[in-house]
Amino acid sequence: MAQIAFSNLRKSYGKTEVIHGVDTHINDGELIVIVGPSGCGKSTLLRMVAGLETVTSGEIRIDGRVVNDLEPRERDIAMVFQNYALYPHMSVFDNMAYGLKIAKVPQAEIRERVAVAAKMLELEPFLERKPRQLSGGQRQRVAMGRAIVRKPAVFLFDEPLSNLDAKLRVQMRVEIKTLQRRLGVTSLYVTHDQVEAMTLADRIIVMNGGVAEQIGTPLAVYEKPATTFVGGFIGSPPMNFLSVERLQGSGLAASFGEAAPTLAKTVGVRPEHLSFCGEGQAAWSGELVIVEALGAETLAHVRLDDGEVIIVRLDGGRTAPVGESRVHVTCEADKLHFFGTDEKRID
Amino acid sequence: MSGMVEKRGIGTWLTHLSLIAGIAAICFPIYVAFVASTVTQPEIARPPMPLLPGSHFLENYGTALSQGINSPVWLMLMNSSIMALGIAIGKIAISILSAYAIVYFRFPFRMVFFWLIFLTLMLPVEVRIVPTYEVAAGFGMLNSYSGLILPLIASATATFLFRQFFLTVPDELIEAARVDGAGPIRFFIDILLPMSRTNIAALFVILFIYGWNQYLWPLLITTKPEMNTIVMGIKQMFPSGDDVAEWPVIMATALMAMLPPVAVVVFMQGLFVKGLVDTEK
């Protein structure tokens, strides 16, 4: 159990700075998901906590203790790697026991701790097998077991599910969440998959270009994205972005008054907040390009008059006005998000 | 044998015939050597040479082992074994350690050292034999096991091979070991060595035979008969001038000289092949 704090954490490779100062505080037992596109610095941040990358400036504290210059083993952490990183020549038991053996834990206790973890992860029948004799999901469990037996203060997950097929990923996602709840260990989880982030996290850190763009609970991040990047990254299909000028010419402007913030440049609106309407109420008009019927939902792509394409999400039962080439789209005024020239949210 | 080109009828016969012919061409001289080691000297000297084994097997091999011509063959076999084992084990130990240093540690002039080691590939023993002899003699290593082994122990090939293998070991594994608390020495012993098992076995076979077959270097560095190795010993059994060659004893020695390398290959073949083709990480 531990709290983690970053203060003005920076990382440079030579002259290139890849993490531009991250500040945050993580509470005891929280599951924090760091999410962002490739190259945003999320893995680097995690590896700095693990002690696998040096800290250029700033501080990382685990339970109040500055760990910047400590070796990984002195930080009381355990890590689950993307490719599992199991020792290929060791049995499942030895893989899980290796860290304890090095820490000189007595044999009897090692056996007991591994047995408990194996039971929890349903790995008991496989303890004598080698990693190559296991399926992807089982290897993933062994990697988690190796982390659990050490009873660390912090779990670090580096895209642990990216090598599994889609179905298994959903299942393991639930298992990780359940396990983390049960053990109550503070965890940092890195992923590029926003669905994983939304479902797992107590709080999300959205990273882009080495900056933490927003830190908050999944719903807060979804409902009030701090930047256009966050709005576009979290949520699928992504938020639609349009320029504010277009709004002012539309029917919405009337009901909205001139309330659009004066500095606003971009307006964002989620696909599920858009709906089709008659020509009179239309905020935007355009032509229906394609309709994706996904069962539970239907996605209609509409090309507006100036060529911009927006996505409208409808409930599964309802179909888009097929056959009509020209459609009109509207939205409730309070569902609009405004962003300024600096891409930041304006409330 | 699925996956290979299948031949039927006459093709199969031809294939087998040519294979058998090839094997016969290789085995016949060995067979003649065996026959020669089981008969008496006059029987060999009187043409035609016999083609069926004689009745002096025990006598000839006994003579060779206990007395030989210059020195007893058991002693030369032992010398050769010590030298071949020393070279094989020493080369593996030194090259795996230097490859470990070059791949996993950042120290000044790391690549310079790597290329220096690599350059020695161009300098086999024969090229540098005079200076090497000078050095060995200066250290007083003439007529000693260390003189036979140490100058041949550095190996760029093995270092390079281990380096290439270490480069394929995923970084995540090293990081996992670090998080588990393993320092550099533990990582080497607990993880890298066991993972290199098949490579070590393959190299051992190659290097043992390399060491066993050494001829020129033992010839230079040893002058006393009791330090002779078997490969050079056979040559020295040949008579000079008008002496009578003890062909049955020489042939018995030659056959015995073949046995240890054959044994090593046979016993380690499984691991050897695995080491060359296995890519499992």
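Chain naming here is simple, since letters A, B, ... match the order of the sequence lines and numbering starts at 1 in each.
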Next on the checklist: Evaluate A/Tyr87 against B/Asp190 for side-chain contact (heavy atoms from CB on, under 4.5 Å), listing each step before the verdict.
Outcome noted: CA-CA 10 Å; A/Tyr87 310 121; B/Asp190 288 352; over 6 Å; no
Next on the checklist: Between B/Leu173 and A/Phe81, is there a side-chain heavy-atom distance shorter than 4.5 Å?
Outcome noted: no
Item to check | Over 12 non-hydrogen atoms of neighbours within 6.0 angstrom of CZ in B/Phe267 | outcome: no
Checklist entry - Between B/Val179 and A/Arg75, is a side-chain contact (heavy atoms from CB on, under 4.5 Å) present by the stated rule, with each step listed? => result CA-CA 9 Å; B/Val179 172; A/Arg75 297 186 181 203; over 6 Å; no
Checklist entry - So which part of A/Leu156 gets closer than 4.5 Å to some heavy atom of chain B, the side chain, the backbone, both or neither? => result neither
Checklist entry - Taking atom CE of A/Met90 and atom CE of B/Met195, what is their separation to the nearest 0.5 Å? => result 10.0 Å
Item to check | Under 3.5 Å: donor-acceptor pair, side chain of B/Glu172, backbone of A/Asn83 | outcome: yes
Checklist entry - By a 4.5 Å heavy-atom criterion (distance strictly below it), what part of A/Gln82 contacts chain B: side chain, backbone, both, or neither? => result both
Checklist entry - Counting heavy atoms not belonging to A/His25, are there more than 12 under 6.0 Å from its NE2? => result yes
Checklist entry - Above 12 or not: heavy atoms from other molecules or residues under 6.0 Å from CD of A/Glu122? => result no
Checklist entry - Say you draw a straight line from CZ of B/Arg197 to NE2 of A/His89; how long is it, rounded to the nearest 0.5 Å? => result 8.5 Å
Checklist outcome for this item: If one checks every heavy atom of A/Ala78 against chain B at 4.5 Å, the contacting part turns out to be backbone
Checklist entry - Would you call B/Asp180 and A/Arg150 a salt bridge, using N to O less than 4.0 angstrom? => result yes
Next on the checklist: Can you tell me if B/Phe107 has over 12 outside heavy atoms packed within less than 6.0 Å of its CZ?
Outcome noted: yes
Item to check | Evaluation steps, side-chain contact (heavy atoms from CB on, under 4.5 Å), between A/Arg73 and B/Arg178 | outcome: CA-CA 7 Å; A/Arg73 65 163 162 254; B/Arg178 275 184 74 189; over 6 Å; no
Checklist entry - At a heavy-atom separation under 4.5 Å, does A/Arg47 approach chain B through its side chain, its backbone, both, or neither? => result side chain
